[in-house]
Number of protein chains: 2
Amino acid sequence: MSRTKSPPAKQKSAADGQSTKGPEGGRTSRRSSGSVTLEDVAKLAGVSPITVSRVLNRPELVTQETLDYVRSVIARTGYVPNLLAGGLASRKSRLVAAIVPTIANSMFAEGIETLTERLRAAGYQVLLGLSGFPTASEEQLIGAVLSRRPDAVFLTGITHSTQTRQRLLAAKIPVVETWDLTPTPIDMVVGFSHEKVGRTVAEYLWAKGYRRFGMVCADDTRALLRRRTFIEALAPYGITDVPTAIAGTPTSLKRGRDGLIELLSMTERPDAIVCSSDVLAHGVLTEARARGLSVPRDMAVMGFGDLEYAPYTIPALSTVRIDRRGIGQRAAEAMLARFNGEPVQQVVDVGFEIVEREST
Amino acid sequence: MSRTKSPPAKQKSAADGQSTKGPEGGRTSRRSSGSVTLEDVAKLAGVSPITVSRVLNRPELVTQETLDYVRSVIARTGYVPNLLAGGLASRKSRLVAAIVPTIANSMFAEGIETLTERLRAAGYQVLLGLSGFPTASEEQLIGAVLSRRPDAVFLTGITHSTQTRQRLLAAKIPVVETWDLTPTPIDMVVGFSHEKVGRTVAEYLWAKGYRRFGMVCADDTRALLRRRTFIEALAPYGITDVPTAIAGTPTSLKRGRDGLIELLSMTERPDAIVCSSDVLAHGVLTEARARGLSVPRDMAVMGFGDLEYAPYTIPALSTVRIDRRGIGQRAAEAMLARFNGEPVQQVVDVGFEIVEREST
DNA sequence: CCGATCGATGATAGCGTTATCATTCGACCC
DNA sequence: GGGTCGAATGATAACGCTATCATCGATCGG
């Protein structure tokens, strides 16, 4: 506890004698911002700037005494570190970019929430990029985002232009592709197999005895992929045609209702309707009710996602459970592991699960 | 068109003679990152760094000829500007922080989407902060966010701690509070009056002839505010008691169903149920159906928000329309106006509108 | 025909941090 | 008892960009 040097005594006087960045300090800089800098804190505390930096970032290297005193000065001055400067010097921005088509439906939003929260707890923040708007290509978005020098990138899907891949590769940072699976990710991938989902749903419904199928499917890469394997899996059973109403994106309850209307107008009533999302399924359920159709007696309905409300619709919606938050969490963990130089799994399959409720 | 100086000729040779940052260039820096910098581009193009900077940021100051050539070098080298460095030097981060409780329901998510998209088009990006997680106080979030030196901040709500207000004020940047209204914003506010919503809904339902009211209300500042004025507005009519089921946040269809169950267990069946969100209302509608209650004959249901599905539920949901995307848009516009030094309205009321459908 | 003006470009000096190496000083070991 | 080591702190020089002022011709009005 007893130390020769006594920082507190020293700076108290310094603190009193010199106000924060007045015009008195030698020559006035023509660019200074007026806000408190690390150097100001250092002067007031009577230590070198690097010590203040250590107090903030590597406190274990600093004496308890110095630590306490510098911290008190920081509190007193209301110093807010400048992470632009810190990031420039350390080449670590503590920023993670997340690129998703949309956050306006909980499909992706929950994963982003979990990602954001996990990363925040570790001192990172999330830069949001929306690729679903037609005005911004993923290409441009990547450029804008990389100029912030993020420490990692979260991507939705596995289909990216060659240029996008190259730029991400060139950035030499962890990249996590999500919501799908591939043996050849840019870097890492956290998702599940849409092909498998399609096949599993087909087998499930076939086993339940359904024979005439219809689909309400979003106009979306992954949804269409599930549709393809769903149909392929039924081929061996002699099913050659699965009438499909293509709903636009973003999916909505209305589009689900419209999808069923369209489907029923183009074909005899199927005995099972497979939807590419719970939202669409909810719409199908609603439209079925409006038409006096009983689900599942007249027609079964299958969703995808297992959103919050799936168990609470009438009838309760059978669906495919996806661990949406798990995707965000695994992605965050993979990034953090990489930051720490720990080994990571390149391909993480979060799987899925058929959830049978009342609608099938 | 004819110029004495011929940049193209000059640098072509330079480009060929000197590869990007090899070990040959004098003394090797001990910290260089290896990625292409603005200086590299400048050398290759045979111009000064500042000219390259101008090509990127103020192209109108540069000759077409120089512009074209420098751009070709940028493309050839795959140069990605470093906005950390740029932000540090220019004191403009081109970053906007958005703090919302959650993005997992479209209430806030759509506004954030619109904000993000509008700002992106103007060269700004959005840093996402989630205040809804109990592990992170808004206080801490503000600190983390301000250390990025954002050019503006988007906040949800108007209730913030004194310290939060002070720190935001001290940052001297545009701050837009949203989703509520106050005559004394930190800086600007874009929202609507919850008090007025409560009163308006009360008058509307009273005028429709409803007399026994119940509420399913989220445990949320603004929802509770609407509830208060709703009840106050009914007092003159002799209504002294409005049984309320308080639903937790985040709201969900399940919580709406549970809310109705709770409400019906605590009181005689009201003839109108007012819900603090469409999600809850949807749950109430669902539970009513499960109990064989006819809406609105046995019981009217009123929502809040006018989410996408409100017109498509059965019966179609009467609700209060809020221009959710408009809030994001106005906020973005206010920020951009401030960046350009244009005058802005401190208080923007986006209003609301009762939407009468079938459920009332 | 000359000073004023303007357009294009450049030199210099930061912006606020942290990486890296250096220094100091007491403890400790053989 | 002298050399070694390690803990704590500091000096210096980047990090990659832009603000600011300077420079250099060309243009132009009187």
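For D/dT9, the OP1/OP2 oxygens have a side-chain nitrogen or oxygen of A/T63 closer than 4.0 Å. OP1 and OP2 of C/dT9 both lie 4.0 Å or more from every side-chain N or O belonging to B/T51. For D/dA8, the OP1/OP2 oxygens have no side-chain nitrogen or oxygen of A/T66 closer than 4.0 Å. Taking side-chain N and O atoms only, B/S48 has a distance below 4.0 Å to OP1 or OP2 of C/dG10. Phosphate proximity of D/dT18 to B/N57: present, with a side-chain N or O under 4.0 Å from OP1 or OP2.
Comparing B/E60 and B/R149 against DNA chain C, the residue whose closest nucleotide sits nearer the 5' end is B/E60. The residue among A/R54 and B/R54 whose nearest nucleotide of DNA chain D lies closer to the 5′ end is A/R54. Between B/A85 and B/P49, the residue whose closest nucleotide on DNA chain C is further toward the 5' end is B/P49.
Checking D/dG16, D/dG10, C/dT18 against every side-chain atom of B/N82, the shortest atom distance belongs to D/dG16. Nearest to the side-chain atoms of A/K92 among the listed nucleotides C/dT9, C/dG16, C/dA19 stands C/dA19. Comparing C/dT20, C/dG10, D/dG16 by their nearest atom to the side chain of B/I50 picks out C/dG10.
By the 4.5 Å heavy-atom criterion applied to side chains, B/T102 and A/E113 are counted as neighbours.
Residue-to-nucleotide contacts include no donor-acceptor pair under 3.5 Å from the side chain of B/R91 to the base of C/dG14.
Remark: A/K43 engages A/E39 in a salt bridge, criterion side-chain N to carboxylate O under 4.0 Å.
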**Request:** Show your reasoning for whether side chain to side chain donor-acceptor pair (under 3.5 Å) applies to B/E177 and B/H160.
**Result:** CA-CA 10 Å; B/E177 292 168 275; B/H160 312 289; 3.2 Å; yes

**Request:** Would you please test B/L84 and B/L88 for side chain to side chain contact (heavy atoms under 4.5 Å, CB included) and show each step?
**Result:** CA-CA 6 Å; B/L84 293 180; B/L88 179 59; over 6 Å; no

